[in-house]
Amino acid sequence: LDSTDAATQMRALTLKRLNHELKLLRPWITMGTFVEALSTRDARAQVTVLQTRRSRLALVLARGTGQQHVLSPMAAGPLTFDLYGIPATDRMYGLSATGPRELRRHHGPRVTQHDPDRVNLIALTEDSAVRNHIAQYMSQHGREMVQLRTELLRGAVSQARLVDQSITASGQGAPQLSQSLLTVDSHLQRATQMWLAGDLASADGLARHGEQLLDQVRQTYWRKAAEGLPSVTTSPYCLLFSSLPSHWRWLAQMRTATWSPNALAAGDFESLPQMLSSGWKQQREPVMGLAAAVELSVTSPWRGGNSLHLR
């Protein structure tokens with residue numbers, strides 16, 4: 001992790017930020033128990049609840065289509081869910097790099113988070129020691145955590161700019177998305193200025209809005225690339241945002257390619273005798289507890305009457 005290339009530096013920054021978050025959540029990670037995964041009426045997020053003897057922690061995560069390939073932005077608007085069994089004496093705190101911020105509680109189980117992030121942490125407790133732990137950690141490390149957030153955003157914008165330039169050169173660009181990246185740059189510059197001035201709350205907020213806008217750009221480019229495919233895995237280049245320019249080059253090659261007959265002997269998988277006489281063999285290493293099967297099947301042939309099934 002001491003290399004100077006951009007990818008390694010991004011990994012190092014990501015690990016530093018992750019370690020800070022793990023240390024902040026140490027009481028719930030080391031002494032807490034899983035309570036439940038809440039089903040919310042709001043399809044934008046999923047909620048997981050951890051509990052210690054003195055507090056609860058709700059982890060609210062954004063979710064969306066294709067987020068295993070490209071992060072989904074948290075759509076604007078308040079996020080509401082129900083958390084039952086909260087003692088009336090518990091106070092509710094939103095956790096961020098600038099410290100715990102008390103949130104207004106509704107009567108009953110309803111919890112509302114205004115202007116939610118892609119990851120939201122909400123602590124519920126009546127114990128001042130829990131709040132003091134959070135406040136103390138943030139007073140010592142909050143400045144560095146905000147700096148890490150802005151530096152990670154800087155690296156992500158640099159990568160997105162290169163991808164945007166390559167996609168535009170291939171004729172698949174979108175001027176409004178290129179303009180959005182300039183807006184992210186503006187958020188990033190202002191966040192840096194606020195951080196240098198010691199205004200961590202403003203710096204963190206500007207970086208967060210920059211992340212949300214960048215997520216929208218990345219998600220829009222990914223959706224445009226994937227929308228014409230029967231499955232995202234049809235094009236391996238659609239599995240990562242950084243490889244989307246290669247997807248458009250591959251697609252152009254596929255559209256202009258001249259296709260010849262199948263050059264693989266018995267590669268249509270229509271006749272087992274023909275496959276065996278052409279040199280096809282089954283080679284399987286036994287694995288304890290697993291059974292493997294290779295067979296010709298009449299189920300879902302792409303062409304002809306048979307297809308090869310591997311199970």
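Values in this document were obtained by computation on a predicted structure and should not be read as measured data.
Between the side chain of Arg104 and the backbone N or O of Met92 there is no donor-acceptor pair closer than 3.5 Å. Of the possible donor and acceptor atoms, none in the side chain of Asn19 sits under 3.5 Å from a partner among the backbone N and O of Lys16. No donor-acceptor pair under 3.5 Å is formed between the side chain of Ser202 and the backbone N or O of Asp199. Looking only at distances, no side-chain donor or acceptor of Ser271 sits under 3.5 Å from a matching main-chain atom of Ala266. With hydrogens and angles disregarded, a donor-acceptor distance shorter than 3.5 Å links the side chain of Thr168 to the backbone of Asp164. Under the 3.5 Å distance criterion, the side-chain polar atoms of Gln51 are left unmatched by any main-chain donor or acceptor of Thr33. With hydrogens and angles disregarded, a donor-acceptor distance shorter than 3.5 Å links the side chain of Thr125 to the backbone of Arg54. Listed for the His20 side chain is no donor-acceptor partner under 3.5 Å among the backbone atoms of Glu144. Not one N or O on the side chain of Trp28 forms a donor-acceptor pair closer than 3.5 Å with the backbone of Thr52.
Listed here is the closest heavy atom pair of Leu79 and Ala45: CD2-CB, 3.8 Å. Between Leu213 and Ser180, the shortest heavy-atom distance links the atoms CD2-O, 3.5 Å. When all heavy atoms are compared, the tightest approach of Ser235 to His247 is OG-ND1, 2.8 Å. Contact between Phe81 and Ile122 at its shortest, heavy atoms only, is CZ-CD1, 4.1 Å. Of all heavy-atom pairs spanning Ile167 and Pro245, the tightest one is CG1-CG, 4.0 Å. Residue Val232 comes nearest to Trp222 through the heavy atom pair CG2-CZ2, 3.7 Å, listed as atom of the first residue, atom of the second, then distance.
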Residues Met138, Met145; criterion side-chain contact (heavy atoms from CB on, under 4.5 Å); working and verdict
CA-CA 9 Å; Met138 289 311 185; Met145 293 178 70; 3.9 Å; yes
Checking side-chain hydrogen bond (donor to acceptor under 3.5 Å, both in side chains) for the pair Ser246/Arg249: CA distance, chi angles, key distance, verdict?
CA-CA 5 Å; Ser246 297; Arg249 289 192 290 268; 3.1 Å; yes
Please walk me through it: do Tyr93 and Ile134 pass side-chain contact (heavy atoms from CB on, under 4.5 Å)?
CA-CA 10 Å; Tyr93 301 96; Ile134 300 168; 5.6 Å; no
Hey, mind stepping through Leu95 and Tyr137 against side-chain contact (heavy atoms from CB on, under 4.5 Å) and telling me if it holds?
CA-CA 11 Å; Leu95 310 188; Tyr137 190 87; over 6 Å; no
Please walk me through it: do Ser128 and Arg131 pass side-chain hydrogen bond (donor to acceptor under 3.5 Å, both in side chains)?
CA-CA 5 Å; Ser128 60; Arg131 184 194 181 283; over 6 Å; no
Could you walk me through whether Arg154 and Thr192 pass side-chain hydrogen bond (donor to acceptor under 3.5 Å, both in side chains), step by step?
CA-CA 10 Å; Arg154 195 184 313 279; Thr192 302; 3.1 Å; yes
Output, in order, the C-alpha distance, side-chain angles, deciding distance and verdict of side-chain contact (heavy atoms from CB on, under 4.5 Å) for Leu214 and Glu211.
CA-CA 5 Å; Leu214 180 59; Glu211 288 172 349; 5.7 Å; no
Hey, mind stepping through Gln219 and Arg223 against side-chain hydrogen bond (donor to acceptor under 3.5 Å, both in side chains) and telling me if it holds?
CA-CA 6 Å; Gln219 183 80 190; Arg223 287 181 181 276; 3.3 Å; yes
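Heavy-atom contacts from other residues, nucleotides or ligands closer than 6.0 Å to NZ of Lys224 number more than 12. Residue-environment remark: CZ (Arg17) exceeds the threshold of 12 foreign heavy atoms within 6.0 Å.
Taken together through direct or relayed side-chain contacts under 4.5 Å among Ile, Leu, Val, Met, Phe, Trp and Tyr, Leu25 and Leu22 form part of one hydrophobic cluster. The same ILVMFWY cluster, assembled from side-chain heavy atoms under 4.5 Å apart, contains both Val60 and Val35. Cluster annotation: Val163 is not connected to Leu182 through the hydrophobic network of ILVMFWY side chains, with a link wherever side-chain heavy atoms come within less than 4.5 Å. Taken together through direct or relayed side-chain contacts under 4.5 Å among Ile, Leu, Val, Met, Phe, Trp and Tyr, Leu162 and Phe241 form parts of separate hydrophobic clusters. Follow the hydrophobic side-chain contacts under 4.5 Å out from Leu24 and you reach Leu50 in the same cluster.
In this structure, His209 and His187 have tilted ring planes: the angle between them lies in the 30° to 60° band.
In the hydrophobic clustering (ILVMFWY side chains linked at under 4.5 Å, chained through shared members), Leu308 is joined by Leu264, Phe269, Leu272, Met275, Leu276, Trp280, Val294, Leu296, Leu310.
Distance check, rounded to the nearest 0.5 Å: CG of Leu244 to OH of Tyr237 gives 12.0 Å. Residue Leu152 holds its CG atom at 10.5 Å from CD of Gln147, rounded to the nearest 0.5 Å.
Using a cutoff of 4.0 Å between basic side-chain nitrogens and carboxylate oxygens, Arg56 and Asp90 are not scored as salt-bridged. Using a cut-off of 4.0 Å between Lys/Arg side-chain N and Asp/Glu carboxylate O, Arg101 and Asp204 are scored as not salt-bridged.
Using modelled atom types and a 3.5 Å distance limit, the side chains of Trp248 and Ser166 yield no donor-acceptor pair. Side-chain contact check for Thr14 and Arg11: no donor-acceptor pair (N or O, by modelled atom type) lies under 3.5 Å.
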